[in-house]
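Structure first, commentary second.
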Amino acid sequence: MMRLLSGLVLLLALGGAAQAAIDTYEFASEAERDRYRQLTEELRCPKCQNQNIADSDAPIAMDLRAEIYRMLEAGDSNAQIIDYLVARYGDFVLYKPPVSGRTLLLWYGPAALLVGGFIVLAVIVRRRRKSDGPAATGLSSEEQQRLAQLLEQAPEDKKAP
């Protein structure tokens with residue numbers, strides 16, 4: 001009975017902590033609530049590695065959610081809110097940063113590495129094919145005849161003793 005009671009107390013304590021992390025904002029319409037949800041889910045938390053603002057419990061994420069709410073209430077558009085956050089925190093807050101001079105490596109680097117890998121692989125295969133041909137021995141016709149004679153004599157030498 002004591003275990004059940006302590007388990008129930010622990011469950012209530014954890015439930016209270018989980019409820020404390022949820023932001024409660026009053027929206028004028030359901031469309032505005034959807035805009036808020038969309039913005040917080042598509043923007044990355046500046047402190048977290050790969051977590052959006054909606055899911056992060058970091059203090060900066062809480063501040064950003066409050067700022068987004070304030071800007072929505074002020075009537076700012078989604079583009080204005082995103083531009084404000086990008087100006088303040090850089091392209092890192094965007095999950096899909098724009099293609100620019102600073103992000104070329106991010107966008108095209110993986111494809112360039114893949115193409116480079118295929119080129120290196122093709123060069124290696126081509127070199128191996130060339131080295132496997134008849135010229136791979138590098139012996140003249142006289143040397144090849146001498147080699148053939150030595151190979152024929154080898155089994156006879158082993159039989160003699």
Side-chain angles (χ1 to χ4, degrees), residues 1-140:
M1 183 67 176
M2 193 62 164
R3 277 187 164 170
L4 180 63
L5 185 59
S6 63
L8 185 60
V9 168
L10 181 63
L11 182 64
L12 289 174
L14 291 176
Q19 292 294 330
I22 297 174
D23 295 326
T24 55
Y25 295 116
E26 298 287 329
F27 294 97
S29 67
E30 192 62 33
E32 201 168 289
R33 181 185 310 274
D34 289 339
R35 281 181 58 205
Y36 173 80
R37 188 175 307 125
Q38 176 192 9
L39 283 168
T40 57
E41 288 176 356
E42 73 182 31
L43 293 170
R44 184 188 326 235
C45 175
K47 183 178 180 182
C48 307
Q49 287 296 319
N50 201 16
Q51 197 172 23
N52 61 23
I53 294 172
D55 295 336
S56 176
D57 290 332
I60 192 165
M62 291 181 218
D63 292 344
L64 289 175
R65 287 191 297 262
E67 185 65 21
I68 290 171
Y69 175 75
R70 184 195 63 76
M71 293 177 83
L72 283 173
E73 290 295 312
D76 292 348
S77 69
N78 289 3
Q80 289 173 322
I81 294 170
I82 290 171
D83 289 343
Y84 169 78
L85 292 175
V86 167
R88 190 162 185 181
Y89 298 102
D91 288 334
F92 181 78
V93 296
L94 301 174
Y95 275 112
K96 294 180 183 175
V99 178
S100 67
R102 295 184 334 185
T103 60
L104 283 177
L105 184 63
L106 174 69
W107 281 102
Y108 300 114
L113 286 174
L114 187 64
V115 168
F118 280 127
I119 290 171
V120 168
L121 183 65
V123 167
I124 290 171
V125 168
R126 180 173 280 173
R127 284 184 182 172
R128 286 203 179 163
R129 284 186 182 165
K130 285 182 181 179
S131 68
D132 290 342
T137 59
L139 300 176
S140 66

If the condition is side chain to side chain donor-acceptor pair (under 3.5 Å), which residues does D63 pass it with, not counting sequence neighbours?
none

Could you give all pairs that pass the salt bridge (charged side-chain N to carboxylate O under 4.0 Å, His left out) test and reach residues 69-81, with sequence neighbours left out?
E67-R70

Who pairs with E26 by salt bridge (Lys or Arg N to Asp or Glu O under 4.0 Å), at least two apart in sequence or on another chain?
none

Shortest non-hydrogen pair, A58 vs S56, comes out as N-OG, 3.1 Å

Can you pull the ring-ring contact (aromatic ring centres under 6.0 Å, His included) pairs that have at least one residue in residues 96-121, sequence neighbours excluded?
none

Got a sec, which residues hit side-chain contact (heavy atoms from CB on, under 4.5 Å) with P110, two or more places apart in sequence or on another chain?
none

In terms of heavy-atom contacts, N52 and T40 come closest through CB-O, 3.6 Å

Please indicate whether L114 has more than 12 foreign heavy atoms, meaning atoms of other residues, nucleotides or ligands, lying under 6.0 Å from its CG.
yes

List for me each residue that meets ring-ring contact (aromatic ring centres under 6.0 Å, His included) alongside Y95, sequence neighbours excluded, and say none if there are none.
none

Show which side-chain atoms of residues 82-90 pair as donor or acceptor with protein atoms under 3.5 Å away, not counting sequence neighbours.
{"unit_1": "Y84", "atom_1": "OH", "unit_2": "R88", "atom_2": "NH1", "d": "2.8"}

By the ring-ring contact (aromatic ring centres under 6.0 Å, His included) test, which pairs, at least two apart or in different chains, include something from residues 49-80?
Y25-Y69, F27-Y69

Run the salt-bridge test on E32 and R35 with the 4.0 Å N-O cut-off and return the result as yes or no.
no

Give every residue pair that meets the salt bridge (charged side-chain N to carboxylate O under 4.0 Å, His left out) criterion with at least one member in residues 36-50, sequence neighbours excluded.
D34-R37

